[in-house]
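Take a look at the structure set out below.
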Amino acid sequence: MKTESYLESMFGLTGRVAVVIGGTGELCGAIAEGLCAAGAEVVLVGRNPEKAKGRLERIAAAGGRGWFHAAEATSRRDLEALRDAVAGRSGRIDIVINGAGTNSATPFLEVAEEEFDRIVRVNIKSVFLGCQVFGRHLVERGQGGSVINIGSMSGLTPLSRVFTYSATKAAVHNLSKNLARDWAPHRVRVNTLVPGFFPAEQNRKVLTPERVASIMGHTPMGRFGKADELVGAALLLASDRAGSFITGAELVVDGGFNSMSI
């Protein structure tokens, strides 16, 4: 078998439909482009169509298939409308990425309830609803599928200064494992993709020079990740062949950060 044919059979996503919630952001947007390059039709989900415009233009220029759907990730009504729109237009849904997220570096004793509620709503309620709304579709459809929830290093080990964020990401990791167990008989795989430190819109405000120095000192590769360095891991988890026996996993892409102790 030729190398190209083998790689296509293992990682190709031709005929698959992927819903990328948070796909207008930097990290999930890069993942969405990667899924398209592997042959999937991709729906970018967010609140601002202008943020999706450039990404969709690149997808189209590369010969891929992608479109935007406006939805609030914390609204069940919006997500149900999204599910119905994608199923109606594309005929199927195979891959769901729950990637909506927000962050804050407020000192713990100064965290207001409003801030706490906002971060919990965006980081965990959106994943809960995304899994429930699209998981029902995947389970009832009976043809398997892949749910990829975007976790965080702080979901594995609490990170300083991001108290509420760390708590919500730990919840995402826990929920993913629980659903992986529950949906395995239906061939619906649920995994957590765990980025290390990737500069993006939600975390740039907490990357002070002192914090950057601390991160670099704890990252053996000595640099931040680049958004497209998440694509390979996402393709593995999305593929129903290469990733067929992977569920309940936490796939870490962090330049070695998690391997450091002192």
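- Contact between Pro199 and Gly225 at its shortest, heavy atoms only, is CD-O, 3.8 Å.
- Using a distance-only test at 3.5 Å, with no hydrogens or angles considered, no donor-acceptor pair links the side chain of Glu110 to the main chain of Pro107.
- In this structure, CE on Met153 lies 4.5 Å from CG on Asp254, to the nearest 0.5 angstrom.
- Checked by atom type and distance alone, the side chain of Arg223 never pairs as donor or acceptor with a backbone atom of Gly255 at under 3.5 Å.
- Here the two rings, on Phe197 and Phe257, have centers that are under 6.0 Å apart.
- The SG atom of Cys28 sits 8.5 Å away from atom CG of Leu230, with the distance rounded to the nearest 0.5 Å.
- With sequence neighbours excluded, the residues forming a side chain to side chain donor-acceptor pair (under 3.5 Å) with Arg58 are Glu33, listed by chain and number.
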>> Determine whether Thr164 and Ser104 satisfy the following criterion, side chain to side chain contact (heavy atoms under 4.5 Å, CB included), listing intermediate values before the conclusion.
In response: CA-CA 8 Å; Thr164 309; Ser104 173; over 6 Å; no
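- In this structure, Leu179 CG and Asn149 CG are separated by 7.5 Å, a value rounded to the nearest 0.5 Å.
- Hydrophobic clustering, with ILVMFWY side chains joined whenever heavy atoms are under 4.5 angstrom apart, groups Leu79 together with Val86.
- Applying the ring-ring contact (aromatic ring centres under 6.0 Å, His included) criterion to His69, with sequence neighbours excluded, gives no partner residue.
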> For Arg141 and Asp94, what are the C-alpha separation, side-chain angles and deciding distance, and is it a side chain to side chain contact (heavy atoms under 4.5 Å, CB included)?
Replying inline: CA-CA 10 Å; Arg141 182 167 169 259; Asp94 304 281; 3.5 Å; yes
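- The structure places CH2 of Trp67 at 7.0 Å from CD of Glu41, a figure rounded to the nearest 0.5 Å.
- Counting only distance, with no hydrogens or angles, the side chain of Lys169 and the backbone of Ile150 share a donor-acceptor pair below 3.5 Å.
- Arg241 and Ser9 share a donor-acceptor pair across their side chains, judged by distance under 3.5 Å alone.
- The CD1 atom of Ile93 sits 7.0 Å away from atom CG of Leu82, with the distance rounded to the nearest 0.5 Å.
- Listed for the Asn191 side chain is no donor-acceptor partner under 3.5 Å among the backbone atoms of Leu237.
- Residue pairs that meet the salt bridge (Lys or Arg N to Asp or Glu O under 4.0 Å) test with at least one member in residues 114-136, sequence neighbours left out, are Arg136-Glu140.
- Partner of Arg161 under the side-chain contact (heavy atoms from CB on, under 4.5 Å) criterion, out of Asn103, Thr106, Thr208: Thr208 alone.
- The heavy-atom pair separating Ala52 from Phe68 by the smallest distance is CB-CD1, 3.6 Å.
- Between the side chain of Arg189 and the backbone N or O of Ser146, no donor-acceptor pair lies under 3.5 Å.
- In terms of heavy atoms, Ala238 sits closest to Ile148 at N-CD1, 3.9 Å.
- Sorted by first and then second residue, the ring pair (Phe, Tyr, Trp, His ring centres under 6.0 Å) pairs involving residues 101-160 (not counting sequence neighbours) are Phe108-Phe163.
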>> Applying side chain to side chain contact (heavy atoms under 4.5 Å, CB included) to Thr102 and Asn123, what does each step give before you reach the verdict?
In response: CA-CA 7 Å; Thr102 190; Asn123 289 1; 3.8 Å; yes
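- Under the rule for a side chain to side chain donor-acceptor pair (under 3.5 Å), Asp182 has no partner lying at least two apart in sequence or in another chain.
- Listed by chain and number, the residues in a side chain to side chain donor-acceptor pair (under 3.5 Å) with Lys177 amount to none (sequence neighbours excluded).
- With sequence neighbours excluded, the residues that form a side chain to side chain contact (heavy atoms under 4.5 Å, CB included) with Pro220 are Ser259, Met260.
- Within the 3.5 Å criterion, the main-chain N or O of Leu235 finds no donor-acceptor partner in the side chain of Ser239.
- Note: the hydrophobic cluster containing Val122 does not contain Leu129 (ILVMFWY, side chain heavy atoms under 4.5 Å, direct or indirect links).
- Using a 4.5 Å cut-off on side-chain heavy atoms (C-beta onward), Val172 and Ser176 make contact.
- Considering all non-hydrogen atoms of both residues, Leu56 and Gly66 come closest at CD2-C, 3.6 Å.
- The stretch residues 72-83 participates, sequence neighbours left out, in these salt bridge (Lys or Arg N to Asp or Glu O under 4.0 Å) pairs: Arg47-Glu72.
- By the ring-ring contact (aromatic ring centres under 6.0 Å, His included) test, Phe245 pairs with no residue at all, sequence neighbours left out.
- For the pairing with Val127, the side-chain contact (heavy atoms from CB on, under 4.5 Å) check across Ile21, Thr168, Asn98 returns one residue only, Asn98.
- Within the model, atoms CD1 of Ile59 and CG of Leu44 stand 5.0 Å from one another, a figure rounded to the nearest 0.5 Å.
- Cluster membership for Leu236 and Val190, using ILVMFWY side-chain heavy atoms within less than 4.5 angstrom, is not shared.
- Annotation for Leu138 and Gly145: closest pair CD2-CA, 4.4 Å, computed over non-hydrogen atoms.
- By the side chain to side chain contact (heavy atoms under 4.5 Å, CB included) test, His173 pairs with Leu156, Thr192, Val194, Glu250, sequence neighbours left out.
- Under the 4.5 Å side-chain heavy-atom criterion for grouping Ile, Leu, Val, Met, Phe, Trp and Tyr, Phe11 is connected to Ile246 within one hydrophobic cluster.
- One finds no salt bridge joining Asp240 and Arg187 here, because no Lys/Arg side-chain nitrogen approaches an Asp/Glu carboxylate oxygen to under 4.0 Å.
- Under a hydrophobic clustering in which Ile, Leu, Val, Met, Phe, Trp and Tyr are joined whenever their side-chain heavy atoms come within less than 4.5 Å, directly or via other members, Val162 and Val111 fall into different clusters.
- Counting all heavy atoms, side chain and backbone alike, Leu193 lies closest to Ala233 at CD1-CB, 3.6 Å.
- When side chains are defined from C-beta on, Val19 counts as touching Val45, because their heavy atoms get closer than 4.5 Å.
- Every side chain to side chain donor-acceptor pair (under 3.5 Å) that Ser154 has, sequence neighbours left out, goes to Ser152.
- Annotation: side chain of Val253 is not in contact with side chain of Pro195 (no heavy-atom distance under 4.5 Å).
- Under the side chain to side chain contact (heavy atoms under 4.5 Å, CB included) criterion, Ala18 pairs with Leu35, Val42, Ile95, not counting sequence neighbours.
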